[in-house]
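For clarity, every value in this text was computed on a predicted model and none was experimentally measured. Order of the sequence lines fixes the chain letters, A, B, ..., with proteins taken first and strands second; residue numbering starts at 1 for each chain. The figures here come from the full heavy-atom set of this structure, side chains too, leaving out hydrogens, waters and symmetry mates.
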Number of protein chains: 2
Amino acid sequence: MNFQQLRYVRETVRRNLNITEAANALFTSQPGVSKQIKELEEELGVEIFERRGRRFVGLTEPGKAVVRIVERVLEEAENLKRVGRDFADRESGNLTIATTHTQARYALPRVVADFRKRYPNVHLALQQGNPQTVAQMVMRGEADIGIATESLDAYPELLALPGYQWTHVVITPLDHPLAKVARLTLEEIAKYPIITYSPEFTGRSHINEAFTARGLEIDVVLTAIDSDVIKTYVELGLGVGIIAGVAYDAARDTDLKALDARHLFRGNTTRVAIKRGTFLRGYTYDFIEGFAPQLTRKAVERALAGDAESYEL
Amino acid sequence: MNFQQLRYVRETVRRNLNITEAANALFTSQPGVSKQIKELEEELGVEIFERRGRRFVGLTEPGKAVVRIVERVLEEAENLKRVGRDFADRESGNLTIATTHTQARYALPRVVADFRKRYPNVHLALQQGNPQTVAQMVMRGEADIGIATESLDAYPELLALPGYQWTHVVITPLDHPLAKVARLTLEEIAKYPIITYSPEFTGRSHINEAFTARGLEIDVVLTAIDSDVIKTYVELGLGVGIIAGVAYDAARDTDLKALDARHLFRGNTTRVAIKRGTFLRGYTYDFIEGFAPQLTRKAVERALAGDAESYEL
DNA sequence: TATCCTTACGGAATTCGTAAGCATG
DNA sequence: CATGCTTACGAATTCCGTAAGGATA
């Protein structure tokens, strides 16, 4: 058994059981992959792939178990290399952050700027997506950390640490009747067409909850994944907007008024997700702490160790 | 990077950083080990071992991280082989159970007998030890499962599932004054010398708790790890015994009287421990279920998946 | 001086790519 | 007949053991 064999198996599974594609992806010859897989099967004493004639059509029962473990072995092997890179050169490498629009646009710029100053030789990549995509990118190892408000804590493979709390604000054009109400209520808001986030995004669930809990029907005329789009349409008078508080900037959004809605909607927690069992590079801890000061290296490590072993030699 | 290198590193650590011993243990040449370790260090770009001249004197900082991950990789690799063996031949193999005297003597015989009938070709091994040893044997992979009443749930690396509940009984010679008391109390018991388990064993902690909670001093004249020893000395009139209910057998212990003490001491839970992340062979699940019927394969797998991934292909 | 790691070197084993073969849709 | 896995074989690489060298306690 060797790592090459395991890599071949993993890649073949990822490429829909097509050995030829796997071989191409790994820049090697197809017969080599075929042979190595066969040898692994012989060594383990089980067939991993179900064959119809000479074609792979699925995984056998033991194959499923094997593949699951193979993934883990290769992950740990990847961790080993990361340890090496981390200690060999703490100042350079890659850091990929999967996040949503709102975070990338409003919460992260300051953090990223500080990080760049501290680690000019780390190549930063921001990957945008909806919260589910963010979670998947982290789980697949395509991103080192994920930052989003929804759904990150729904996966046992991920550790989702609370980063910061925020509430929604209601935004209106300057002369809107809602802007003159003494104390904002859900009933008042429900009278107007509403523009807000797409269902899977940025605390949208808490918005719906609040209205339905009061038995109020709302008329959502437009949804976007993007606070800027929402603001644009509110400025045009299409309705009142409900967006994340962080996304309103009094200095720049001079055509809009923001109404405090803290008492109307449940607070939201934006979380940082990392994949359990992954070795994090030193600068990754620093990035996380830059984003949420209470998430120090110690704190993150303690959370990670929650279910892992923590022995010293 | 290959498995051989990782094995060499692990063995060297286990043999107190002595490459020569590691080479002997793995039936290979010492220069081979030396070279492979060096090559791994080069590939990872860090020194794993701290050297004074040509001698290994410790692990470097990165070395500690590396060793921890190496252990995990090799464990998973071992799991892969187990999968193979399990599917290739579900009826034979090894099963090592680490447990305490009381369990081995009173709770397990029936389970073991049934198991032997069902799996005549599985080689069973019972390893006896105190609860801490039991836990360690499971953690080190020297035993597949551990069964004990104390301390198994103190290790995050282990999953400790509740097997069965039991309470203590007080045993006395037939003509002992305590045997005539209408309703047994702690105060009554405390009047006599007591013979019971060693501190680290079989629910002993609950015994002490009960007396000290009442402010009672007890005179423990003799402790043993072994219910049979305790019974012997009680028969000799050295004192009253406090043992696990399961350890009293009315049919055989005709010289002793057992007094219900359910209302005096906290109940105890005997647990089955398995190491997280280990692949369990089919018959291991069957053994566990034989021991505690509620711990079906499904139930155990669900508990194991509690923090691991559980995806299907 | 005994222990223990490193270096050097040659033979053995493994890996890998090319070319050809064969089964499926 | 195009796609895709297997078999065969030779070249290149890697692995591993023996022998010798050097450093520490």
Side-chain angles (χ1 to χ4, degrees), chain A residues 1-60 62-63 66-67 70 73-74 77 80-81, chain B residues 1-60 62-63 66-67 70 73-74 77 80-81:
Chain A
M1 173 164 49
N2 58 48
F3 285 106
Q4 200 71 310
Q5 292 168 338
L6 305 189
R7 266 190 292 270
Y8 289 170
V9 166
R10 178 176 69 176
E11 198 61 33
T12 302
V13 172
R14 289 192 177 167
R15 305 274 162 184
N16 288 313
L17 312 176
N18 185 324
I19 272 191
T20 310
E21 271 188 49
N24 290 336
L26 297 173
F27 304 105
T28 185
S29 72
Q30 176 271 320
V33 176
S34 173
K35 184 144 184 266
Q36 291 299 327
I37 288 181
K38 176 159 272 214
E39 278 178 18
L40 178 64
E41 289 183 321
E42 262 165 37
E43 182 177 347
L44 295 181
V46 294
E47 296 224 309
I48 298 169
F49 296 100
E50 194 160 345
R51 293 152 165 91
R52 179 144 50 225
R54 296 199 160 191
R55 232 154 264 229
F56 288 6
V57 294
L59 290 169
T60 61
V66 165
V67 167
V70 163
V73 175
L74 293 175
L80 268 182
K81 292 192 193 142
Chain B
M1 173 164 52
N2 58 48
F3 285 105
Q4 200 72 310
Q5 292 169 338
L6 305 189
R7 265 190 293 270
Y8 289 170
V9 167
R10 179 176 67 177
E11 198 61 33
T12 302
V13 173
R14 290 193 177 166
R15 307 272 162 186
N16 289 311
L17 311 176
N18 185 324
I19 273 191
T20 310
E21 271 190 49
N24 290 335
L26 297 173
F27 305 105
T28 184
S29 72
Q30 177 271 319
V33 175
S34 174
K35 182 141 187 267
Q36 290 298 326
I37 287 181
K38 175 158 274 214
E39 278 178 17
L40 179 63
E41 289 181 322
E42 262 166 36
E43 182 177 346
L44 295 181
V46 293
E47 296 224 311
I48 297 169
F49 296 101
E50 195 161 345
R51 292 152 166 91
R52 178 142 53 223
R54 299 202 157 187
R55 230 155 267 229
F56 289 5
V57 294
L59 289 170
T60 61
V66 165
V67 168
V70 164
V73 176
L74 292 175
L80 267 183
K81 291 190 192 141

- request: Measure the distance from CD on Glu39(B) to P on dT7(C) and round it to the nearest whole Å.
  value: 11 Å

query: Can you tell me how far P of dT3(D) sits from CG of Leu17(A), to the nearest Å?
result: 19 Å

message: With heavy-atom distances below 4.5 Å as the criterion, would you say the side chains of Ile19(B) and Thr12(B) are in contact?
response: yes

- prompt: Which listed nucleotide (dC5(D), dC15(D), dT15(C)) is nearest to the side chain of Ile19(A)?
  reply: dC5(D)

- request: Could you check how far CG of Leu26(B) sits from C1' of dG17(D), rounded to whole Å?
  value: 15 Å

query: Which nucleotide in the set dC15(D), dT18(D), dA8(D) lies at the smallest distance from any side-chain heavy atom of Ser29(B)?
result: dT18(D)

message: What's Ile37(A) touching, base or sugar-phosphate or nothing? Going by heavy atoms closer than 4.0 Å.
response: nothing

task: Nearest whole angstrom, please: distance from the C1' of dT14(C) to the CZ of Phe3(B).
output: 16 Å

message: Using the side-chain heavy atoms of Lys38(B), tell me which of these nucleotides is nearest: dC16(C), dA8(D), dT7(C).
response: dT7(C)

task: For Gln30(A) and Ala23(A), indicate whether the former's side chain and the latter's backbone hold a donor-acceptor pair under 3.5 Å.
output: no

- request: Any chance you could lay out the side chain to side chain contact (heavy atoms under 4.5 Å, CB included) test for Leu26(A) and Val33(A), step after step, and finish with the verdict?
  value: CA-CA 10 Å; Leu26(A) 297 173; Val33(A) 176; 5.6 Å; no

- request: Salt-bridge test for Glu11(A) and Arg7(A): reply yes if a basic N is under 4.0 Å from a carboxylate O, no otherwise.
  value: no

Option from Gln4(A), Glu41(A), Gln5(A) for which side-chain hydrogen bond (donor to acceptor under 3.5 Å, both in side chains) with Gln36(A) holds: Gln5(A)

- prompt: Between dT14(C) and Lys35(A), is there an OP1 or OP2 to side-chain N/O distance shorter than 4.0 Å?
  reply: no

query: When you check the phosphate oxygens OP1 and OP2 of dT3(C), does a side-chain N or O of Asn18(B) lie under 4.0 Å from one of them?
result: no

- request: Examine dT3(D): is either OP1 or OP2 under 4.0 Å from a nitrogen or oxygen in the side chain of Thr20(A)? Give yes or no.
  value: no

message: Strictly below 4.0 Å: does Gln4(B) bring a side-chain N or O up to OP1 or OP2 of dC16(D)?
response: yes

Atom-pair distance (CD on Gln30(B); P on dA19(D)), nearest Å: 14 Å

statement: Rounding to the nearest 10°, end axes of the helix from dT1(C)-dA25(D) to dG25(C)-dC1(D) built from five pairs each make an angle of 40°

task: Heavy atoms only: give me the nearest Phe3(A)-Ala77(A) pair and the separation to one decimal.
output: CE2-CB, 3.8 Å

message: Is there a salt bridge (Lys or Arg N to Asp or Glu O under 4.0 Å) between Glu42(A) and Lys38(A)? Walk through the geometry before answering.
response: CA-CA 6 Å; Glu42(A) 262 165 37; Lys38(A) 176 159 272 214; 5.6 Å; no

- prompt: Nearest-Å distance, CZ (Arg15(A)) to C1' (dC5(D))?
  reply: 18 Å

field: Main-chain N/O of Phe49(A) paired to Arg51(A) side chain as donor or acceptor, under 3.5 Å
entry: yes

- request: May I ask you to list the residues of residues 47-58 of chain A, by number, that have any heavy atom positioned under 4.0 Å from an atom of DNA chain C?
  value: Arg52(A), Gly53(A), Arg54(A), Arg55(A)

task: Give a yes/no answer on whether the side chain of Ser34(B) brings an N or O atom under 4.0 Å of OP1 or OP2 in dT6(C).
output: yes

message: Keeping Asn16(A) on the side-chain end and Asn18(A) on the backbone end, is there a donor-acceptor pair under 3.5 Å?
response: no

query: Starting at the 5' end of DNA chain C and moving along, which residue's nearest nucleotide shows up first, Gly32(B) or Thr28(A)?
result: Gly32(B)

task: Would you mind reporting whether Leu40(A) and Tyr8(A) have side-chain heavy atoms less than 4.5 Å apart?
output: no

- request: Measure the distance from CG on Asn2(B) to P on dT13(D) and round it to the nearest whole Å.
  value: 18 Å

message: What is the separation between atom CD on Gln36(A) and atom P on dA13(C), rounded to the nearest whole Å?
response: 17 Å

